[in-house]
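Have a look at the structure below before the remarks.
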Amino acid sequence: MGKGFYIRKELAVTCVVAAVAAVAVIIALSVVYAQEKSKNEVTLPFTAGPDATSTFSPTPSTPKEPWMHFRLPDSLAPVSYNVTLWPRLEPIADNLYVFSGHSTVVIRCVRETDLILIHSNKLNLTTFEGHHAKLNGLNGATAPTLTKTWLEIPTQYLVIQLSSPLWAGNMYELFTQFTGELSDDLGGFYRSEYMEDGVKKVIATTQMQPTDARKAFPCFDEPAMKAVFHMTIIHAHGTVALSNAMNYNPVNITMAGQDLIQTSFQPTKIMSTYLLAFVVCDFTYIGTQPGVRIWARRKAIEEGQGNYALEKTGPILKFFENYYNSSYPLKKSDQIAIPDFSAGAMENWGLITYRETALLYNPAMSSNGDKEWVVTVISHELAHMWFGNLVTMKWWNDLWLNEGFATYVSYLGANFAEPTWNMKELIVLNEIIGVMAVDALASSHPLSSNEKDIMRPDLITELFDSITYNHCSQMCQILFSKESCCMLLLISYSCYQAVDKAGIPLPRPVEVIMNRWILQMGFPVVTINTQTGKITQKHFLLDPDSEPLFNVNMCLIFLISIQTATNEDMILNTTGWLLANIDMKGFYRVNYDSENWDSLFTFQAIPVINRAQIIDDTFNLAKAKMVNITLALRTTKFLSKEVEYMPWQIARNNLEYFFLMFDRSEVYGPMQAYTKKQVTPLFNHFKEITLNWTKNPEKHTDQYNQVNAVSLACSAGVEGCKELTTNWFKEWMKNPANNNITPNLKSTVYCNAIAAGGVQEWDFAWSMFKNATVASEAEKLMFALSCTKQPWLLNRYLRYSLDPEKIRKQDATSTITYIANNPIGQPLAWDFVRANWAHIFNNYGGGSFSFGRLIGGVTKRFSTEFEYKQLLQFKEDNAGQLGSASMALERALESTMANINWVAMNKEPVLEWFTSEASSPVS
């Protein structure tokens, strides 16, 4: 066994800077947190004043008229809203669902103005004496008359011009009355539908983030414009109304000749509009009243699908109370599973909304992965109850403060709830490695952007990507050895000021330290020569010839501007190896001299995370032309002896790129033969430890790796695998009421059986999908239906994807992407997207979170000049109609060009290597 020398990430000044800065900022952050908390104890408080809103001033490059700006002026601040809404859960005509309501917002005038701008989008406002609102003065103030009002559609404002100014310090109230469509577009106040016992049920629900509260009622729809909300919901008998705060006792009323229920709610904490939520449904719940409650469809609750969420919510809340050293800020924690929901979940304060797959769990039908998804999403959303909801970013350019921090601590909360799963290690695989692939593109972006560059709603939506969520979560691991110190990442400008005013000595100002992390895109590659001790670093790009969209000129590892150094401790004078970035605590890749690479490839005594890291680093270094492609492929040779999940999953992820590039070429055959040779021992290993597939592995990650073993073995043609999966599926077809396929293997079994079968298997799976009452089961079948090798079935499935009666709108883009993952389906999906883009864009929302993933999914196989030209033509044909897909399209163009160059350079050596290794004996 060779001697190993480990280098951790706590090198040079990083440790000193991080430790001192963490202590300083924790003190500062505690002050800010306390201030925010105290504001919630004031009657009708407000946060928007001259200092708080000064950042909203128009920039010189913006249009002259105030209503042509996408940002609100700093002249007014909301104090409270009193909103009444009445959603109709029956159509009034031609399947048209509507809601009506009225709102009174109390406004404090901060700066003298004769203009009121308030957001309003897709609302029909009642006019009063020719104007869209009424204005009254409060506390003795006199309100000027309205001279002109109109709706400014491009910037989504109700514009109100006044005969004379509102005076600074005075309070006014603005009344509006309106109707709106309760559409199925998954944004604002919308409807969701589901079938129960053959009857269609309709609920009314919300998704306000980032800019859709204005679709529910006129409001100052910016995160810093916090206020108190007094909500009242009118609804039918047999339904319940929920909102952020606890309800008062419902009362019976009569309106428009109908007997209805009026439910009013206690005032909310002072909060942002994007956190507001209300739901009208006939759901029931499990839990305590008041306290933690899990709401869902009645059958789902009766079947116990909410039990796991209820079991874990309490412990996770307790964990965060200890972690933040502060009690949960609210009186209740309602969590509700919505049948149609665009995101995974939404952290509405006191009423968290989820996709059903993110909250409901059925032990008999849901997999180990489903269970992990539920606990991590719950943990993520509960983390927001303090940071994000109580302490909020001023503007969306600092969304990373909310989402990056929540992503990181979600693993801490999940680790507390499920201590045997070792969730702290899985964050590397689930979050970090994936975001490194995106952040290595020249089209990546920094964590934080300039406010003036993020104004329009579609640009705001683009920020909800893996950089925002996952890059920041890795920063926590880089900067701190103690988890509690990761609150440094929640620095706002006020925290910078608090540290500076406190006079706490730091090696550099806090703002300078943090700007190196948040204002630069990308990450470095560190090259270590163990023969000379020379260490160099530079910005890592998958395409070294590309030009980054943002400047990168500061070191990201040591927080100092050093590109080259020499350290004699790095010189190996004996046989052995040197390994840097232990457990991937640092956000960088590592390259070595060839001698050290050769020594590392024994993989003896190397930690499991670093075995995965070596594979991922070498494959990406090869893409960047820093090492030979065959060096990367050599890292997979040890897999014939590997049984741990992380190395196998990383190898599978990286080899998937080879399949994407070569599954239509002569490389495919030797590549499949090599995969078969390497995975056969793993397949036999799990066959043995599961007693011939009769029980599940005990370890959490072993259950995941069993899926890898079966999936890879079947795709590579390992003897016995295809028969195993198809026989299981046939048994289910014979007795649809009795599915004995283990939940962990369902996706793999379904996919392989449908791929091997024909229309009979497809139609059976479609029937099971349409009748599924467990969301995670429906999701597995939805994916498996894309595995067929019959083009006509794939084309039929593509047509189904845009029929909301067959595929929910929330799942449409995922379905198309699944089909594009199939080599046969990829060109069909690309043609379908191009032919139907206008329909997709207009009917599935230009602000849909999944648009970017759709573009990436249907183009990831692109590797020819012809396909690159098709992408350019698509961009030209749909200019102005790309919305939140714009950034994804730029990445697709960059990736396609990189693929073209990579294939041209590597096809021959890859073919030669796989051909040679496929015929050699297992080492």
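Hydrogens, waters and symmetry mates play no part in the numbers below; they use all other heavy atoms, side chains included.
When all heavy atoms of N610 and M584 are compared, the pair lying nearest together is ND2-N, 4.4 Å. Annotation for V903 and S863: closest pair CG2-CB, 4.1 Å, computed over non-hydrogen atoms. Minimum interatomic distance between G413 and S379 (heavy atoms only, all atoms of both residues): CA-OG, 3.3 Å. Nearest heavy-atom pair across I615 and A651 is CG2-CA, 4.0 Å. Between T635 and F619 the shortest heavy-atom distance is OG1-CE1, 3.6 Å. Across every non-hydrogen atom of D598 and R634, the tightest pair is OD1-NH2, 3.0 Å.
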Quiz item: How far apart are the C-alpha atoms of E656 and N653, what are their side-chain angles, what is the distance that settles it, and do they pass the side-chain hydrogen bond (donor to acceptor under 3.5 Å, both in side chains) test?
Solution: CA-CA 5 Å; E656 181 188 7; N653 292 348; over 6 Å; no
Quiz prompt | Stepwise side chain to side chain contact (heavy atoms under 4.5 Å, CB included) test for M626 and T527 | solution = CA-CA 10 Å; M626 297 184 69; T527 300; 4.2 Å; yes
Self-check item: Chi angles and distances behind the side chain to side chain contact (heavy atoms under 4.5 Å, CB included) call for R589, Q613
Solution: CA-CA 9 Å; R589 297 204 182 277; Q613 174 217 0; over 6 Å; no
Practice problem: Go through I689 and Q706 one step at a time and tell me if the side chain to side chain contact (heavy atoms under 4.5 Å, CB included) criterion holds. | Solution: CA-CA 10 Å; I689 70 170; Q706 181 192 23; over 6 Å; no
Practice problem: Carefully, step by step, assess R891 and M887 under the rule side chain to side chain contact (heavy atoms under 4.5 Å, CB included). | Solution: CA-CA 6 Å; R891 289 175 182 162; M887 188 181 296; 3.3 Å; yes
Exercise. Take N901 and K625 through the test side-chain hydrogen bond (donor to acceptor under 3.5 Å, both in side chains) and record every step on the way to the result.
Key: CA-CA 11 Å; N901 295 332; K625 306 174 187 176; over 6 Å; no
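Between Y645 and Y704, the ring centre distance stays below 6.0 Å. You'll find the ring centres of F540 and F587 outside the 6.0 Å limit.
Atom-to-atom distance recorded for H380:NE2 and T376:OG1 is 9.5 Å, nearest 0.5 angstrom. Taking OG1 from T407 and CD from E431, the interatomic distance works out to 6.0 Å, rounded to the nearest 0.5 Å. Here the CZ-NZ distance, from F662 to K907, works out to 7.5 Å after rounding to the nearest 0.5 Å. Distance check, rounded to the nearest 0.5 Å: CG of L600 to CG of D617 gives 10.5 Å. A distance of 9.0 Å separates CG of N620 from CD1 of I433, quoted to the nearest 0.5 Å. The CD1 atom of I427 sits 7.5 Å away from the CG atom of L412 when rounded to the nearest 0.5 Å.
A distance-only check finds no donor-acceptor pair linking the side chain of N744 to the backbone of Q703 [under 3.5 Å]. Put simply, the side chain of D583 never gets that close to the backbone of K585: no donor and acceptor are under 3.5 Å apart. Side-chain N or O atoms of N368 include one that pairs as donor or acceptor with a backbone N or O of H700 at under 3.5 Å. E642 places a side-chain N or O within 3.5 Å of a backbone atom of E644 that can act as its donor or acceptor partner. Judged purely by atom type and a 3.5 angstrom limit, Q678 uses its side chain to pair as donor or acceptor with the backbone of K637. Between the side chain of R861 and the backbone N or O of N821 there is at least one donor-acceptor pair closer than 3.5 Å. Panel note: side chain K677, backbone A918; no donor-acceptor pair is recorded below 3.5 Å. Side chain of S599 to main chain of E595: a donor-acceptor pair is present (N/O by atom type, distance under 3.5 Å, no hydrogens or angles). No side-chain donor-acceptor contact under 3.5 Å links W902 to the backbone of K623. N899 contributes a side-chain N or O that, together with a main-chain N or O of S895, makes up a donor-acceptor pair within less than 3.5 Å.
Partner of Q649 under the side-chain hydrogen bond (donor to acceptor under 3.5 Å, both in side chains) criterion, chosen from N654, T701, N708: N708. A ring-ring contact (aromatic ring centres under 6.0 Å, His included) with F319 is found for one member of F416, W386, Y411 and no other, namely F416.
Contact check for V409 versus F387: no side-chain heavy atoms found under the 4.5 Å cut-off. Between D663 and F658, the closest side-chain pair of non-hydrogen atoms is not below 4.5 Å. For the pair T532/I571, no side-chain contact is recorded, criterion being any heavy-atom separation below 4.5 Å from C-beta on. E372 places a side-chain heavy atom less than 4.5 Å from the side chain of N430. D702 places a side-chain heavy atom less than 4.5 Å from the side chain of F686. Side chains of D370 and V374 form no contact here, defined as non-hydrogen atoms less than 4.5 Å apart. Side-chain contact check for F638 versus T602: every heavy-atom pair is 4.5 Å or farther apart. Residues V526 and N581 have side chains not in contact (no heavy-atom distance under 4.5 Å, counting atoms from C-beta outward).
Looking at residues two or more places apart in sequence or on another chain, you find a ring-ring contact (aromatic ring centres under 6.0 Å, His included) between W913 and Y674.
Using bins of under 30°, 30° to 60° and over 60° for the plane-to-plane angle, the ring pair F320/Y324 lands in the parallel bin.
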